[in-house]
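Please read the structure below before turning to the comments.
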Amino acid sequence: MASPFVPKQAIAFDGALLKELQGDISDKIAMSLLKDLDLSDMPPSSVIHDNGCGYGAVTMAVMASDPPKDVQIHATDVNPIFMAELKTTLTKNPTWPVKTDTMDACALTFPDNTFDLSMTTFVLAGLPDAVGALSHIRRTLKPGGVGVAAVWREIPWHAALVRAHRQTRGTDEPLAPFLVMPNYKKAEVARDAEAAGWGLKNENEVEWTEKAEWVILGADLKRWVTIGWSFFAKPGGEEGWRQRDEDRWDEAVDAVVEELRQGPWHKVEEGVHKIRMVADVAIMRKRG
């Protein structure tokens, strides 16, 4: 059987490239949220859940802050690429009190009342059962524990990739699977949190805050877009990549680069391209 066609310009993907694609924006927002929550106020031996941990932005932010004495961290995800990247980080930091598990955020197996803090950052939009995930966050928090759920309000680069897809593949062709992003934002989180039991007995259980940070795309914007197109624009179905994708690759990448350059949320500082992204964050406090 012949190997699937892959455009010569496509970059073979791995965990390190995924981290480069995401930049450090998740790290920045995690650090900002932890600063607001002030981990120094948490009791010794607190237990923290990095839920849908990805490459471990929350875990690393906790360890870079002032965590409580004898803190324990549980980092869970279902994506093997993410988990491999996190485990590489943990190998370099063998003293970190972190346990990793492959676990679905919609079906957590931790006992009730396990965590003092549960952080689910930029995960809910990609889940098949956000209500279930929010229910598990509530169930696994101790009374008085805090759950954090962050979703993007704006993703400027996504719109640029979608337009490049339409330009080079036509308006009738379905979007590549990773370009199909559900419209899951603050209103949807608020709705699903209520359905999961948050705020039913005490309307003050859920509060909202906004976080805005600049994602670093690097000095070579075209490289970042090429990584993004390789990952997000791969067509679904049995056919996958086609010759036309190779033939019009440069056209697609150049279109995205130009749109990002022209956007009001783009800037260049000391030769480094950055894009501003805004998140809405639910702070959910489980009342006793």
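Values below: all heavy atoms of this structure, side chains included; hydrogens, waters and symmetry mates excluded.
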Nearest non-hydrogen partners of [X] and [Y], listed with the distance:
X    : Y    : value
Y184 : A130 : OH-CB, 3.2 Å
R276 : V278 : NH1-CG2, 3.3 Å
V78  : P80  : O-CD, 3.3 Å
A164 : A252 : CB-O, 3.7 Å
S46  : P68  : CB-CG, 3.9 Å
T59  : A75  : OG1-CB, 3.9 Å

Tell me, with the steps shown, if L117 and L34 meet side chain to side chain contact (heavy atoms under 4.5 Å, CB included).
CA-CA 10 Å; L117 173 64; L34 290 172; 4.1 Å; yes
Donor-acceptor under 3.5 Å ([X] side chain, [Y] main chain):
X    : Y    : result
H165 : P174 : yes
H273 : D220 : no
E246 : Q243 : no
S135 : V131 : yes
W198 : L134 : yes

If you look only at pairs with a residue in [range], which of them pass as a salt bridge (Lys or Arg N to Asp or Glu O under 4.0 Å), with sequence neighbours excluded?
range            : value
residues 108-133 : D112-R139, D116-K142
residues 38-60   : none
residues 251-265 : R163-E259, K222-D254, R248-E251
residues 57-84   : none

If two hydrophobic side chains count as joined below 4.5 Å and joins carry through other members, does [X] share a cluster with [Y]?
X    : Y    : value
I216 : M60  : no
L161 : V180 : yes
V123 : M31  : no
I227 : F232 : yes
I11  : W229 : yes

If you measure from [atom1] on [X] to [atom2] on [Y], what distance do you get to the nearest 0.5 Å?
X    : Y    : atom1 : atom2 : value
N93  : T88  : CG    : OG1   : 11.0 Å
K185 : D280 : NZ    : CG    : 9.5 Å
L17  : W224 : CG    : CH2   : 12.5 Å
I275 : L260 : CD1   : CG    : 4.0 Å
N51  : I48  : CG    : CD1   : 13.0 Å
W249 : T168 : CH2   : OG1   : 10.0 Å

Any side-chain heavy atom of [X] within less than 4.5 Å of one from [Y]?
X    : Y    : answer
E188 : V151 : no
T121 : I29  : no
V148 : L37  : yes
W157 : L217 : no
K286 : N113 : yes
D27  : Y55  : yes
W214 : K267 : yes
L175 : R166 : yes

Candidate pair V253 and D250, rule side chain to side chain contact (heavy atoms under 4.5 Å, CB included), full reasoning:
CA-CA 5 Å; V253 168; D250 292 342; 5.6 Å; no
Do C53 and M83 pass the side chain to side chain contact (heavy atoms under 4.5 Å, CB included) test, and can you show the C-alpha distance, the side-chain angles, and the key distance before you say yes or no?
CA-CA 8 Å; C53 61; M83 295 301 285; 3.7 Å; yes
Residue list, salt bridge (Lys or Arg N to Asp or Glu O under 4.0 Å) with E207, at least two apart or on another chain:
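Partners of E207 under the salt bridge (Lys or Arg N to Asp or Glu O under 4.0 Å) test: none.
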Salt bridge between D245 and R169, side-chain N to carboxylate O under 4.0 Å?
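Answer for the salt bridge query: yes.
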Residues M63, I73; criterion side chain to side chain contact (heavy atoms under 4.5 Å, CB included); working and verdict:
CA-CA 10 Å; M63 297 311 301; I73 303 172; 3.7 Å; yes
Flag yes if more than 12 heavy atoms outside F178 fall under 6.0 Å of its CZ atom; otherwise flag no.
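Count not over threshold, so no.
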Provide the full list of ring pair (Phe, Tyr, Trp, His ring centres under 6.0 Å) pairs with a residue in residues 113-134, sequence neighbours left out, each pair given once.
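Residue pairs with at least one partner in residues 113-134: H49-F115, H74-F115, F110-F115, F122-W152.
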